[in-house]
Amino acid sequence: MEPQTVRFDTRIAVLIHDDLMPWQELNVTAFLISGIATSAPGLIGDIYADADGNEYLPMLRQPVLVFTADSEQLARARERAIERGFATSIYTRDLFATGDDASNRRAVAGVSAADLDLVGVALRGPKNPIDRITKGLGRHI
């Protein structure tokens with residue numbers, strides 16, 4: 001029996017600045033997804049277990065699309081997602097210099113939305129609007 005393809009009515013997209021180093025891309029993606037994972041009940045699946053009975057933490061139930069974007073595209077995506085009330089997480093360049101969660105929040109709180117130096121944005125919302133927001137962006141390779 002072939003596995004059934006599951007269609008989701010929402011989409012999760014991560015947009016990463018196109019000028020980051022590989023370690024930064026991975027770090028930003030991980031932080032952004034941790035925010036999305038907490039944005040609604042039911043996003044996280046069940047615990048995994050191998051044949052030997054070892055248990056592993058549950059993960060997101062749906063795929064995550066990762067795109068690259070420049071500063072303007074990141075700002076526009078953030079703005080459109082906020083306007084539509086979509087679950088949105090952000091990562092700013094300033095956060096590379098902070099060392100804890102409280103410092104991260106202070107770094108964001110001290111900057112107006114229009115002036116955020118975004119290096120990453122993650123969005124979760126209805127499939128079609130998220131597809132429109134990410135239209136024209138290249139998939140991360």
Side-chain angles (χ1 to χ4, degrees), residues 2-141:
E2 285 189 40
Q4 183 179 359
T5 300
V6 176
R7 301 281 183 211
F8 297 96
D9 59 350
T10 61
R11 172 97 67 216
I12 298 172
V14 176
L15 288 61
I16 301 296
H17 203 293
D18 57 11
D19 74 347
L20 298 180
M21 294 181 284
W23 74 266
Q24 292 173 315
E25 294 173 345
L26 296 170
N27 184 266
V28 170
T29 300
F31 274 105
L32 292 172
I33 286 301
S34 70
I36 293 297
T38 65
S39 68
L43 286 177
I44 302 296
D46 294 326
I47 291 174
Y48 286 75
D50 61 29
D52 297 323
N54 298 301
E55 290 190 351
Y56 305 96
L57 295 173
M59 296 184 278
L60 286 170
R61 292 179 49 243
Q62 71 183 93
V64 176
L65 303 174
V66 182
F67 299 90
T68 56
D70 61 26
S71 295
E72 183 180 315
Q73 292 166 323
L74 288 166
R76 187 170 52 249
R78 185 211 60 82
E79 183 178 331
R80 289 178 178 169
I82 296 294
E83 287 172 355
R84 290 166 175 80
F86 296 162
T88 308
S89 57
I90 63 166
Y91 199 99
T92 67
R93 200 170 298 275
D94 294 338
L95 301 187
F96 289 124
T98 59
D100 61 85
D101 190 48
S103 296
N104 289 349
R105 285 193 309 279
R106 282 193 301 274
V108 172
V111 181
S112 68
D115 294 327
L116 291 169
D117 187 5
L118 298 169
V119 295
V121 176
L123 322 165
R124 186 187 60 77
K127 181 185 174 302
N128 290 337
I130 294 292
D131 287 348
R132 284 192 292 275
I133 289 172
T134 58
K135 185 177 182 176
L137 297 179
R139 293 273 179 104
H140 187 279
I141 52 172

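From a predicted model like this one, the values you see are computed outputs, not experimental measurements.
If you check the side chains of Y56 and D50, you find a donor sitting under 3.5 Å from an acceptor. A donor-acceptor contact under 3.5 angstrom links the side chains of S71 and H17, judged on distance only. Side-chain contact check for S39 and R124: at least one donor-acceptor pair (N or O, by modelled atom type) lies under 3.5 Å.
We find that D101 and R106 are not joined by a salt bridge, their nearest charged nitrogen and carboxylate oxygen being 4.0 Å or further apart.
Judged as a salt bridge (Lys or Arg N to Asp or Glu O under 4.0 Å), and not counting sequence neighbours, the contacts of E72 are R76. Listed by chain and number, the residues in a ring pair (Phe, Tyr, Trp, His ring centres under 6.0 Å) with F31 are Y91 (sequence neighbours excluded). Partners of L118 by side chain to side chain contact (heavy atoms under 4.5 Å, CB included), not counting sequence neighbours, listed by chain and number: L74, R78, I90, T92, L116, V121.
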Can L15 and Q73 be said to form a side-chain contact (heavy atoms from CB on, under 4.5 Å), step by step? CA-CA 9 Å; L15 288 61; Q73 292 166 323; 5.8 Å; no
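Between D9 and K127 there is no side-chain heavy-atom pair separated by less than 4.5 Å. Here the side chains of V64 and V14 are in contact, with some heavy-atom distance below 4.5 Å.
Put simply, the side chain of T29 never gets that close to the backbone of N27: no donor and acceptor are under 3.5 Å apart. S89 contributes a side-chain N or O that, together with a main-chain N or O of L32, makes up a donor-acceptor pair within less than 3.5 Å.
Nearest heavy atom pair, residue A81 against residue L123, reads CB-CD2, 3.3 Å.
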